[in-house]
Amino acid sequence: MSTEPSTQAIEWERKPNGIQANMPAYAEAAKDFDWKTVEAEFDWSKTGKVNIVHETIDRHADSARGDAVALHYYHPEGRQEDYTFKDLKKLSSQFAAVLKNAGVSKGDRIAVFLPRMPELYIAILGIHRVGAIPVPLFEAFMEQAVFDRLENSQSNVCVTTPTLKPRVPQDKLPDLKQLILVESNGELAANEISYEESMKAAPEWVEPEWLTVDDGLVIHYTSGSTGRSKGVLHRQYAMVGHYQTSKWSLNLSQDDIYWCTADPGWVTGTSYGLYGPWTLGVTSLVVGGRFDSDVWFSMIEKYKVTMWYSAPTAYRMLMAAGDAIPAKYDLSSLKHICSVGEPLNPEALKWVKKVTGLAPHETWWMTETGMHIICNYKGEDFAIGATGKAFPGTYASVVDDAGKELPPGQIGNLVVKPGWPAMMQAIWRNKPKYDEYFKIPGWYASGDSAIRDEDGVIWFQGRADDVIKTAGERVGPFVVESALVEHPAVAEAGVIGKPDAVRGHIIKAYVALMPGYEPTDALKQEIAKHVKTHMAAHAAPREIDFVEKVPKTRSGKIMRRVLRAWDSGEDAGDTSTMED
Ligand code: 6R9
């Protein structure tokens, strides 16, 4: 880990003169920036009536943009459909009526457990229309992960499919009253509603439930280093941040065809898969199905994608699939590319630039920040490897544990001054967890470490806690350890992220066995499968080492620092607090 980026040979991504950007000069935009001017872009600033479905869909449907495509949907083995803003106004109204009939009202939490399909987007919009709060769940979640999220959010309705339904443990969820099934084959239990049938009978216009800017927008579950996943609650006001960052860092405008590859199960898929682009009235592409390099590059050609927002793990997978695939397609429509989720390696950045002519721009942010905070911007040159500068109207810095700002070049805690528009409103039913983010006086603490250079540019250095980023997704070691020890053969388990060329990190588990179990490869596989079938595939350890004992402090905390040293072959440092 470097602590002195300014003394390294820095390579620059240089822009030709005259490049068109929505924010032509960062310094000028940041000087005197006031979020009040962004508020004025929303109808609620005049009417006082707030609902994101109005700002993302209805106001465009009722304007000259009404017949413009809001959503292109493409599934390589299935449906290919287009929806205009008018279509989404009607469909989200119908779904709102279905929810009202099911007794849903303002503030209720509604789980959406669907694959990436048009109904996923329609359901979320319909939930907004009735003033309820969507809880999007990624389709790869298995029973335990689904249970944790539905139980904590006390969701009373879950929108899902017959295929995913068996992973919803209804008998253990007393608050869950009804299921709405998409693509059901007609056989319905007493508490089940057919999406298709109920939509047919529903009215084509339902007025949005009018809210305030402080009412709930969405809950995303995310991992910390300890305890179960936490429900990050955002408020309607977050749209102010989604809108402006989509305009200036994604560089979106209404002549764009925008492709965000993230699933709405993760925050990128809502903040920048729905709210940001649609508050701007931009056409969005959603691609269903699995990752496939050929399909991905063909999408850019087919839809003439102009703006592409993806993650380092995807760029690395595309790179691994080789240059011949992008060479087959016309990628000349592209005008801007961004990246999120992990640092993008210079090698992958340069490869994307080689095949598309454009270098991906970093956007650093978190589920909890709700919107971009630190970015490289289209109008400015940037150093390759730099994370970027704080978005106008936000202030990010690098501080010591007491909250004192560090001089340039020193590594410390990456923090943000509280008060940006999309800052989380709460951790659902967990005030102590929320307060932990503000333990450095005066700051929101991200849990990342970083360096700020002389020019005020921030360089991400790594996670300061034990959270693992694997294939762009946050996995808390504790959740995996808990799933591991549920297996009868496992006495103790410690989990770390092991650096990996494609996934960023993979999950590696150190496991101490119960007496009487033999440390075999077959057992390793069985243990990994156990995690996969209980939590989610991405949470399962790809590597397991059997050990006599998992290293712990005298107070019983797993010393993941020691596990990381074992893995890398480095010195474990001070082990004086380790139990013998
Ligand atoms: C949006 C999202 C947040 C964590 C964050 C950091 C890492 C995100 C990054 C990045 C380096 C970037 N991260 N963007 N690291 N460069 N451009 O990813 O949210 O899943 O909550 O993860 O991801 O470690 O703290 P989330």
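One-based numbering, in listed order, for ligands and for the atoms of each. Every heavy atom of this structure was used, including side-chain atoms; hydrogens, water molecules and symmetry mates were not.
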Contacts of Lys417 meeting side-chain hydrogen bond (donor to acceptor under 3.5 Å, both in side chains) (sequence neighbours excluded), chain-then-number -> none
Quick one, list the residues around ligand 1 where some non-hydrogen atom comes in under 4.0 Å, by chain and residue number.
Val267, Thr268, Val340, Gly341, Glu342, Pro343, Glu362, Thr363, Trp364, Trp365, Met366, Thr367, Asp448, Phe460, Arg463, Lys469, Arg474
Over 60° means perpendicular and under 30° means parallel, so classify the ring planes of Phe438 and Tyr434, tilted if in between.
tilted
Residue list, ring-ring contact (aromatic ring centres under 6.0 Å, His included) with Phe33, at least two apart or on another chain
Trp35, Trp248
Is any side-chain N of the basic residue among Glu481 and Arg560 closer than 4.0 Å to the acidic one's carboxylate O?
yes
Going by side-chain hydrogen bond (donor to acceptor under 3.5 Å, both in side chains), name the pairs with one or both residues in residues 260-276, residues two or more places apart or in two chains.
Arg116-Asp263, His128-Tyr275, His220-Thr270, His242-Ser271, Thr245-Tyr272, Thr261-Ser310, Trp266-Glu473
Do Gln461 side-chain atoms and Ile451 backbone N/O form a donor-acceptor pair below 3.5 Å?
no
